[in-house]
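For reference, positions follow the sequence shown, starting with 1.
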Amino acid sequence: MTGTLVLAGTPIGDVSDAPPRLAEELAGADVVAAEDTRRLRRLAQALGVTPGGRVVSYFEGNESARTPELVEELVGGARVLLVTDAGMPSVSDPGYRLVAAAVERDIRVTAVPGPSAVLTALALSGLPVDRFCFEGFLPRKQGERRSRLREAAGERRTLVYFEAPHRLAPTLADMAEAFGGDRRAAVCRELTKTYEEVRRGPLTELAAWAAEGVRGEITVVVEGAPEKGAEEVDAAELVRRVRVREEAGERRKEAIAAVAAAAGVPKREVFDAVVAAKSSGE
């Protein structure tokens, strides 16, 4: 009989958040695949448990090479436990390749549910939670980041992003340009840790706050685009938004379509505003 792949959530900050089953699985697994073996051993020590099986590394750099090895262990009947540094495996962490390979071989895959920065930030944000989408990390290069944000400008669902602290300020500024400075958002920092902080407000205010410097692990939650007809935007603001997109390299036709979608107005209304502004020399 084939073995079982177990995906286990680990604490995102407070060790006491670890589910009881995590200690049981650490003690009973034949193989523990960890994103960082040193952090795994510190976690096991904090939980008062010693991994009962072999501990191997499984991170972005060796994920492709190690996946076949772990699959062979599973085919041979082993119970393989996969843990990442914090939160659930596969959510912006290693895991997807191993799960996909296991499923392809008809190997049982189960999970020990645990903390998730995505859901924790979403719940604390104060923004709508009935529909949301997780966007992970944005591209590091500004041009690519702005392009990705322009694509999401018309998204109605609440958006959740991960971001590095040193890129937070420029990212929030780019979000303000792409989504509109008045779009509500929440920056969740150091969730469940000693210096946990949730800063809520319009994107322009959050960008100004972040410019002073922010530390820690960051999750950003952004309100979705308003429903059609829900946002009242005057012609001057529509023109400004189109110009921002054009300056970022977007073609006027695409910029007009994106601005119209985000504001919930007909494309013709935005087009007429742009033409009128050009005719008046504004």
Side-chain angles (χ1 to χ4, degrees), residues 2-105 107-120 134 136-137 140 162-166 189-196 215-219:
T2 57
T4 299
L5 172 62
V6 183
L7 310 180
T10 58
I12 58 178
D14 192 333
V15 176
S16 64
D17 290 335
R21 271 186 60 205
L22 176 57
E24 296 175 11
E25 291 290 350
L26 284 169
D30 299 301
V31 180
V32 179
E35 185 177 9
D36 186 323
T37 56
R38 290 171 299 181
R39 292 186 65 173
L40 180 278
R41 292 191 187 281
R42 288 198 295 270
L43 174 62
Q45 184 177 19
L47 296 177
V49 63
T50 300
R54 185 164 57 96
V55 176
V56 300
S57 64
Y58 189 76
F59 59 97
E60 185 178 359
N62 72 354
E63 191 175 1
S64 296
R66 180 136 288 169
T67 293
E69 299 175 17
L70 294 175
V71 170
E72 289 307 309
E73 293 275 5
L74 289 162
V75 169
R79 189 173 187 85
V80 176
L81 177 68
L82 176 62
V83 296
T84 48
D85 285 351
M88 287 296 298
S90 293
V91 182
S92 277
D93 278 331
Y96 166 75
R97 288 187 178 88
L98 182 55
V99 172
V103 169
E104 187 175 350
R105 298 289 292 271
I107 295 168
R108 180 172 180 261
V109 181
T110 186
V112 177
S116 166
V118 177
L119 296 179
T120 303
F134 174 55
F137 283 95
R140 297 182 180 182
F162 286 160
E163 190 51 283
H166 63 280
R189 185 179 73 86
E190 294 290 89
L191 289 171
T192 78
K193 300 175 185 176
T194 303
Y195 298 103
E196 176 181 283
R215 294 182 179 182
E217 301 208 355
I218 307 294
T219 304

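- Between the side chain of Asn62 and the backbone N or O of Ala65 there is no donor-acceptor pair closer than 3.5 Å.
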Problem - Glu72 and Arg105: CA distance, side-chain angles, deciding distance, salt bridge (Lys or Arg N to Asp or Glu O under 4.0 Å) verdict - result: CA-CA 10 Å; Glu72 289 307 309; Arg105 298 289 292 271; 3.7 Å; yes

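- Across all non-hydrogen atoms, the minimal contact from Arg97 to Ser64 is NE-OG, 3.7 Å.
- For the atom pair CD (Glu73) and CZ (Arg54), the distance works out to 4.5 Å, reported to the nearest 0.5 Å.
- Between the CZ atom in Arg21 and the CG atom in Leu26 there is a gap of 11.5 Å [rounded to 0.5 Å].
- Heavy-atom minimum distance, Ala117 versus Leu191: O-CD1, 3.9 Å.
- Taking OG1 of Thr67 as the start and OH of Tyr96 as the end, the distance is 11.5 Å to the nearest 0.5 Å.
- Judged purely by atom type and a 3.5 angstrom limit, Thr4 has no side-chain atom pairing as donor or acceptor with the backbone of Arg79.
- Under the 3.5 Å distance criterion, the side-chain polar atoms of Asp30 are left unmatched by any main-chain donor or acceptor of Val80.
- The two residues Val71 and Ala101 come nearest to each other via the heavy atoms CG2-CB, 3.7 Å.
- No donor-acceptor pair under 3.5 Å is formed between the side chain of Asp93 and the backbone N or O of Ser90.
- Using a 4.5 Å heavy-atom cutoff, the side chains of Val83 and Glu35 are not in contact.
- The two residues Val91 and Phe134 come nearest to each other via the heavy atoms CG1-CE2, 3.7 Å.
- No side-chain donor from either of Thr10 and Asp85 sits under 3.5 Å from a side-chain acceptor of the other.
- With a 6.0 Å radius and a threshold of 12 heavy atoms from other residues, nucleotides or ligands, Glu217 has its CD atom at or below the threshold.
- A distance of 12.0 Å separates CG of Leu43 from CZ of Arg41, quoted to the nearest 0.5 Å.
- At a threshold of 4.5 Å between non-hydrogen side-chain atoms, the residues Thr110 and Leu5 do not count as touching.
- To the nearest 0.5 angstrom, Leu74 atom CG is 12.0 Å from Glu69 atom CD.
- Closest heavy-atom contact between Gly87 and Ile12: N-CG2, 3.6 Å.
- For the residue pair Thr84 / Tyr58, no side-chain donor-acceptor distance below 3.5 Å is found, with atom types taken as modelled.
- In this structure, Val49 and Ala27 approach most closely via the heavy-atom pair CG2-CB, 3.6 Å.
- Thr219 and Arg189 form no side-chain donor-acceptor contact under 3.5 Å, judged by distance and modelled atom types alone.
- Looking at heavy atoms from C-beta onward, Val31 lies in side-chain contact with Val56 at the 4.5 angstrom threshold.
- In this structure, Leu70 CG and Glu63 CD are separated by 10.0 Å, a value rounded to the nearest 0.5 Å.
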